[in-house]
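Both ligands and their constituent atoms are indexed starting at 1 by order of listing. We use all heavy atoms of the structure for the numbers below, so side chains are in, but hydrogens, waters and symmetry mates are not.
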Amino acid sequence: MSKLHIVANRLPFSLVKEEKGYSLIESVGGLATGMKSVYTEYDGKWIGWSGVNSDTLSDEDAKSIDRQLLEKSCVTVPLSEKEILEYYEGFSNKTIWPLFHYFTQYVDYSPENWETYKRVNQRFADKVLEVAEDGDTVWVHDYQLLLVPEMIKSVKPNVTVGFFLHIPFPSYEVFRILPWRMELLKGMLGADLLGFHIYDYERHFLSSVRRLYGYEISFNEIHSEERIIKADSFPMGIDYNKFKKTSAAVMQKTIQERSDLHKELEKYFMTSPDRRLILSIDRLDYTKGIPQRLRAFRKFMQKYPEFHGKVTLIMLAVPSRGQVEEYMMLKREVDELVGNINGTYGSINYTPVWYFYRSMPFENLVELYNMSDVALVTPLRDGMNLVAKEYVASRNNQTGVIILSEMAGVSKEMGEAITINPINEDEIADAMHKALTMPLEEQKERMKYLQERIERYSVFKWAGEFVHALENVKRLQKEFLVKKISNGVFKDINRKYTKAQKRAIFLDYDGTLTAFHKNPQEATPNEELYSILNKLIADERNTVTIISGRDRETLEKWFAEVPINLICEHGVWLRKYGEDWQTLTNVNNNWMPMIRPVLERFVDNTPGSFIEEKNYSLVWHYRKAEPEQSVIRANELKDELLDLVGNLNLEIMEGSKVIEVKSGGINKGIAANKFINNENFDYLMAMGDDWTDEYMFKELPNSAITVKVGIQRTSANYKLESVDAVRKFLSELGN
Ligand code: ADQ
């Protein structure tokens with residue numbers, strides 16, 4: 001049975017140093033919980049770092065750790081101190097983290113860190129390659145391992161790779177700043193499915209792919225040279241029942257059984273019946289908007305003095321990345337603000353902010369969720385934010401209000417929360433007032449919907465949906481493989497070829513024999529292509545024809561030295577080798593003065609686009625134009641042209657980044673059939689990449705070998721994935 005393996009920076013266990021060696025403790029984080037259900041069910045391994053600097057381990061300790069972890073189906077990737085510094089703290093946390101959260105001023109562009117990031121990613125990939133076999137699935141997690149998908153795929157293409165990004169994917173305008181943007185994107189595109197928390201991140205990712213790699217994107221499918229890659233959004237959930245049950249359990253404890261924190265909180269509420277608690281929980285990170293939140297609380301104290309002595313903000317900050325300069329500065333700022341607020345508004349028996357700079361046991365966390373009237377979740381940027389979901393799950397009596405930043409991914413799922421802009425301190429202060437004075441009925445009404453939603457889409461459901469989507473991508477890719485020319489199929493085609501005495505071969509040019517070029521005039525044939533064609537032509541049983549949308553002049557110039565037939569402008573012109581040009585149809589171009597001004601208008605309002613004029617057609621090219629804008633413009637142009645062309649017997653053809661208007665009654669299918677008419681070819685073959693070639697595939701006799709280049713749907717009998725594959729195929733024919 002095929003297996004599913006997990007790859008993440010950290011393993012789902014931490015190591016504890018004891019007198020004699022190390023022991024393991026299980027992590028309780030969201031990812032560990034969700035993934036455990038997956039990789040144990042599919043009998044896979046979890047590949048990751050143990051969290052300990054390998055330089056400090058004796059050989060014996062390292063072996064014992066590996067052994068203990070392997071018993072838990074975990075495979076370790078050891079990291080030295082230098083690697084931790086450069087790959088993890090460096091490139092991951094000082095480059096990608098700030099950039100992807102739009103903190104461009106904090107980004108460190110160290111080439112050394114980048115080199116180490118690449119090397120360590122390779123090490124993770126190597127471990128995966130040792131473990132994963134053909135047919136297995138690998139699910140790679142997060143920004144520390146962006147290069148791993150491609151590193152796996154390039155060695156084992158039959159391993160299915162999923163990737164999930166837990167942080168935002170930024171807009172192209174921000175992503176493009178990175179000097180290593182191409183490599184990072186290429187790394188991610190090694191995956192078959194890319195998951196994001198919300199559609200916005202997916203959309204930004206697709207936009208970067210389109211702009212940097214120029215791949216065709218149809219809805220959320222990326223058509224790369226070799227395969228279909230899917231991007232989709234999967235909002236990560238939590239283990240809802242765990243919070244719900246623990247919350248019920250802690251509240252049912254007798255007074256003696258209760259934790260110290262629980263007792264303290266009860267004491268606080270007992271001093272006055274109208275006391276209220278506002279809760280704030282995060283890692284101490286500059287993305288979380290903690291100083292802004294504190295200043296908003298100070299504003300609330302100023303604006304609503306009737307709450308003095310009655311409302312306390314309980315602020316939990318988990319120490320994080322404490323060695324990094326920006327985090328140290330943040331810590332100082334938070335310390336000062338807390339001191340300032342408590343100094344200004346506090347009294348002997350009232351502390352406005354209770355500040356904990358530490359991690360807390362799970363039960364205490366749930367007690368806080370359960371006993372706080374308001375959750376204040378105001379990150380400046382946050383991929384998802386699980387704290388908001390955990391608060392919802394812990395509200396057994398369905399009261400409580402969430403104040404939520406619109407910059408957190410989770411806000412898309414929580415329309416019932418009070419949403420705020422995390423920089424707008426006035427708005428947050430007013431939101432606190434609104435939350436604290438919200439009638440209980442309204443709180444319950446809102447909480448009911450939130451709970452239903454968060455319970456339904458738990459972390460298990462999230463993981464299950466991702467795996468399911470990955471299986472669907474596999475199926476989609478197989479559809480391509482069905483028509484792909486395998487070695488066996490090639491032998492069959494070649495057998496027929498060798499037997500045949502009189503062969504007609506039609507070859508499209510752009511996208512088939514030569515890759516697209518931003519400037520069409522620069523897509524010239526190279527030596528390799530000339531030699532492949534010359535070899536084909538040298539066999540006198542072959543009649544080789546280039547059949548293209550290009551104009552006569554260009555093809556004539558490029559193939560002046562090659563004894564080959566040319567069909568141009570999608571079938572208007574034919575030049576048999578050694579003869580003059582002849583038209584294959586009766587057409588005219590007296591419609592051009594009417595259509596040209598329309599195209600010119602589109603050139604003016606779409607920078608980078610241009611018009612090509614052929615004898616019997618006009619082409620609007622937009623490969624060089626801004627990709628998203630030009631798709632909109634292309635649709636507008638088509639609409640306008642459709643209104644005009646009806647009476648003129650014209651056709652509109654949409655090719656690869658071109659819209660072509662041409663006289664009706666011409667296409668490559670008609671042209672190819674005219675060419676073979678009355679000749680006794682016993683072998684017909686046509687190759688092409690775009691939908692103008694589909695006319696040949698459909699209209700040539702059924703016995704023809706028709707080959708589509710690319711992964712899109714086609715009526716051709718066979719597919720090849722790229723120009724390189726076409727060249728290889730042609731050069732091996734007849735061998
Ligand atoms: P984080 O930035 O770590 O995660 P978040 O999603 O809020 O942010 O998760 C924090 C987790 O830590 C929560 O499960 C919470 O219970 C726990 N926690 C917080 N304070 C704690 C404390 N004092 N003691 C103990 N535990 C505490 C990244 C992304 C997020 C994304 C997640 C998951 O930055 O946007 O939601 O991954 O994909």
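- For H262, there are no ring pair (Phe, Tyr, Trp, His ring centres under 6.0 Å) partners, not counting sequence neighbours.
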Please report, to 0.1 Å, the donor-acceptor pairs under 3.5 Å made by any side chain of residues 290-297, with sequence neighbours excluded.
from: R293; atom 1: NE; to: T378; atom 2: OG1; distance (Å): 2.7
from: R293; atom 1: NH1; to: S280; atom 2: OG; distance (Å): 2.7
from: R293; atom 1: NH1; to: D282; atom 2: OD1; distance (Å): 2.9
from: R293; atom 1: NH1; to: D282; atom 2: OD2; distance (Å): 3.4
from: R293; atom 1: NH2; to: D282; atom 2: OD2; distance (Å): 3.1
from: R293; atom 1: NH2; to: K288; atom 2: O; distance (Å): 2.7
from: R295; atom 1: NE; to: E425; atom 2: OE2; distance (Å): 3.1
from: R295; atom 1: NH1; to: E333; atom 2: OE2; distance (Å): 3.3

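- Salt-bridge check for K230 with D232: failed, with every basic side-chain N at 4.0 Å or more from each acidic carboxylate O.
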Which protein N or O atoms sit under 3.5 Å from any N or O of ligand 1? Give atom names and distances.
from: ligand 1; atom 1: 2 (O); to: R283; atom 2: NH2; distance (Å): 2.9
from: ligand 1; atom 1: 2 (O); to: K288; atom 2: NZ; distance (Å): 3.0
from: ligand 1; atom 1: 3 (O); to: R283; atom 2: NE; distance (Å): 3.1
from: ligand 1; atom 1: 6 (O); to: L386; atom 2: N; distance (Å): 2.9
from: ligand 1; atom 1: 7 (O); to: L386; atom 2: N; distance (Å): 3.4
from: ligand 1; atom 1: 8 (O); to: K288; atom 2: NZ; distance (Å): 3.2
from: ligand 1; atom 1: 14 (O); to: E390; atom 2: OE2; distance (Å): 2.5
from: ligand 1; atom 1: 16 (O); to: E390; atom 2: OE1; distance (Å): 2.5
from: ligand 1; atom 1: 16 (O); to: E390; atom 2: OE2; distance (Å): 3.3
from: ligand 1; atom 1: 23 (N); to: R358; atom 2: O; distance (Å): 3.3
from: ligand 1; atom 1: 24 (N); to: S359; atom 2: OG; distance (Å): 3.4
from: ligand 1; atom 1: 24 (N); to: M360; atom 2: N; distance (Å): 2.8
from: ligand 1; atom 1: 35 (O); to: D382; atom 2: OD1; distance (Å): 2.5
from: ligand 1; atom 1: 35 (O); to: G383; atom 2: N; distance (Å): 3.0
from: ligand 1; atom 1: 35 (O); to: M384; atom 2: N; distance (Å): 2.7
from: ligand 1; atom 1: 36 (O); to: N385; atom 2: N; distance (Å): 2.9
from: ligand 1; atom 1: 38 (O); to: H166; atom 2: ND1; distance (Å): 2.6
from: ligand 1; atom 1: 38 (O); to: H197; atom 2: NE2; distance (Å): 3.1

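- Applying the side chain to side chain contact (heavy atoms under 4.5 Å, CB included) criterion to T399, with sequence neighbours excluded, gives R395, N397, L440, Q443, K444.
- A salt bridge links R321 to D285: one of the charged nitrogens lies within less than 4.0 Å of a carboxylate oxygen.
- The pair K267-E264 meets the salt-bridge criterion, with a side-chain N (NZ, NE, NH1 or NH2) lying under 4.0 Å from an Asp/Glu carboxylate O.
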